[in-house]
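These notes concern the structure reproduced below.
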Number of protein chains: 2
Amino acid sequence: MKDTERLAGETARDFAFRVLKDNIISLDLVPGSLISENDISSQLGISRTPVREAIIDLSKASIIEIYPQRGSYVSLIDPKMVEEARFLRRVLDCAVIKVACESADPDVLEKIEENLSLQDFYLVREAADKILDLDNEFHKLIYTAAHKDIVYEIRSTIMIHFDRVRTLSVEAVKDMKIVADHHAMYNAILNHDKETAVALVDKHLSRYRLDESKIKEEFPEYFK
Amino acid sequence: MKDTERLAGETARDFAFRVLKDNIISLDLVPGSLISENDISSQLGISRTPVREAIIDLSKASIIEIYPQRGSYVSLIDPKMVEEARFLRRVLDCAVIKVACESADPDVLEKIEENLSLQDFYLVREAADKILDLDNEFHKLIYTAAHKDIVYEIRSTIMIHFDRVRTLSVEAVKDMKIVADHHAMYNAILNHDKETAVALVDKHLSRYRLDESKIKEEFPEYFK
DNA sequence: TCTTGTAGACTTGTATACAAGTGTATCTGT
DNA sequence: ACAGATACACTTGTATACAAGTCTACAAGA
């Protein structure tokens, strides 16, 4: 497991949660691997209690499975779970972008423009990790523009299943299409064009479905 | 706070979570009240650790607010939060009932019929609490029929905000309409009639919106 | 009277000890 | 050699001690 620096003011529990989540998404903690509360706590230099609390949090999202008195394991990638995550994301993204088309917060629109210009900036430099962060921020901003921040929190709890699959499928060529999608979505919001916006969300999501079968062939041991 | 018996095989943490959640929904723990980890643990006869873990869980759903080194409080009823919960419920219920209209699991349909007959049974006996339980089960069954159980879990984490408002607005006369709605929804699913189903979900939800302003007048100290 | 500081009783955050269950490796007896 | 008992090294679950921050009441001094 890759561990990072503990941020200033960050509680031990938040630290453990952040490190575990990042390592699960990045697949440095591979699906199916054992997570020992003792090991993690000694690696991070904190006690078992905050580590345990972080693990319980993650188990709520079904990304870690706790077997009492036996051990805790990183969940295998469950196609059914990924499918439900995709369903949830599609339903929420569509509903929220419709609201954004009706009435978007002007201040947030400004931030979206800034975000998009940065996506262009890093696109030409082929900085996939930067694009990924900006991608996440872009979608969060749409929720904020629609005043649906709590719904976004809900979305992100399950989206970890999706992000993990996304880690396996980063392709440089795809980033271009993704960024183009984002620009198109933003324009649809500006034009109050719900139909186009929803169609774009669908197209955007379909990009991930394609290579899932390829991934499954390449990494069968990660799947349930 | 009303405390109940600890169920057989139930962990201390699950016990604390269940008791706290039930008391928050029933408003025996009134909005804004202080929740002391020490008090709860001594009341329930368990130690602080599992109580603390339960409180952290509930704070994830924003139903309890933890202020480090100061105290943990039951969240006041936040109209914005309730509105987002309503939005989320509407979006999810509509999307899922559409799937159920397309293809519903026959075994689950059988269970829904059983549930509906029980709703009729308790309706004539005016057993509001039984109706409430059956109401929750009914909606969960629709999710199961559509094979969207994980989405239902997500739904229930935020629905606590909604349930709490519902506690303030139980009216015998309303139960009749609710049960009638359920029958109509079930028929729409049988008839694969998506349009009617979605319209029913909308009508169903609108029943709660009506008396929210009345509640706010009656219990202003519960609101943010 | 008003300010200030200080003691103390809270709070949550963290560390650690112990309880209890599980799986494995090993030893023992047949 | 094989079956079964057993010790041991794990695991998570729970209890408890202590650390550190916050608020309040109250007394001392200007």
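Convention: sequence-line order gives letters A, B, ...; per-chain numbering from 1.
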(request) Return the nearest nucleotide to the side chain of B:Ala12; candidates are D:dT11, C:dT12, D:dT14. (result) D:dT14

(message) Using OP1 and OP2 only, check whether a side-chain N or O of A:Thr49 sits under 4.0 Å from C:dA15.
(response) no

(request) Consider the side chain of B:Glu37, meaning its heavy atoms from C-beta on, and name the nucleotide among C:dT12, D:dG13, C:dT16 that approaches it most closely. (result) C:dT12

(message) For B:His139 and B:His204, take the angle between the two ring planes, folded into 0 to 90°, and tell me which bin it lands in: parallel under 30, tilted 30 to 60, perpendicular over 60.
(response) tilted

(request) Tell me which of A:Pro68 and A:Gly45 sits closer to the 5' end of DNA chain C, going by the nucleotide each one is nearest to. (result) A:Gly45

(message) Does D:dC23 have OP1 or OP2 under 4.0 Å away from a side-chain N or O of B:Arg70?
(response) yes

(request) Whole angstrom is fine here: how far is it from CD1 in B:Ile64 over to C1' in C:dT11? (result) 15 Å

(request) Check every atom of C:dT12, D:dA15, C:dA17 against the side chain of A:Arg48 and return the nucleotide holding the closest atom. (result) C:dA17

(message) Of the options D:dT14, D:dG13, C:dT12, whose atoms approach the side-chain atoms of B:Asn38 most closely?
(response) C:dT12

(message) Taking atom types as they are modelled, would you say the side chain of A:Gln69 forms a donor-acceptor pair with the base of D:dT12 within the 3.5 Å cutoff?
(response) yes

(message) Taking atom types as they are modelled, would you say the side chain of B:Ser72 forms a donor-acceptor pair with the base of C:dT11 within the 3.5 Å cutoff?
(response) no

(message) Measuring from the side chain of A:Arg52 (C-beta onward, heavy atoms only), which nucleotide among D:dG13, D:dT11, C:dT14 has the closest atom?
(response) D:dG13

(message) Rounded to whole Å, how long is the line connecting atom OH of B:Tyr67 with atom P of D:dA20?
(response) 25 Å

(request) Tell me what B:Ser41 touches on the nucleic acid: a base, only sugar-phosphate, or nothing, going by heavy atoms under 4.0 Å. (result) nothing

(request) Quickly, which of B:Arg207, B:Lys140, B:Lys130, B:Arg166 forms a salt bridge (Lys or Arg N to Asp or Glu O under 4.0 Å) with B:Asp135? Name it, please. (result) B:Arg166

(message) Could you check whether B:Arg52 pairs with A:Glu53 (Lys NZ or Arg NE/NH1/NH2 to Asp/Glu carboxylate O, under 4.0 Å)?
(response) yes

(message) In whole Å, I'd like the distance from the CD1 atom of B:Ile46 to the P atom of C:dA19.
(response) 19 Å

(message) Quiz question: going by heavy-atom distance under 3.5 Å, is there a donor-acceptor pair between the base of D:dT14 and the side chain of B:Thr11?
(response) no

(message) What is the separation between atom CD on A:Glu10 and atom C1' on C:dT14, rounded to the nearest whole Å?
(response) 15 Å

(request) Compute whether any side-chain donor of one residue and acceptor of the other, for B:Asn38 and B:Ser36, lie under 3.5 angstrom apart. (result) no

(request) Return no unless some side-chain N or O of A:Ser47 is found under 4.0 Å from OP1 or OP2 of C:dA15. (result) yes

(request) Determine the minimum heavy-atom distance between A:Ala16 and A:Val51, stating which atoms define it. (result) CB-CA, 4.1 Å

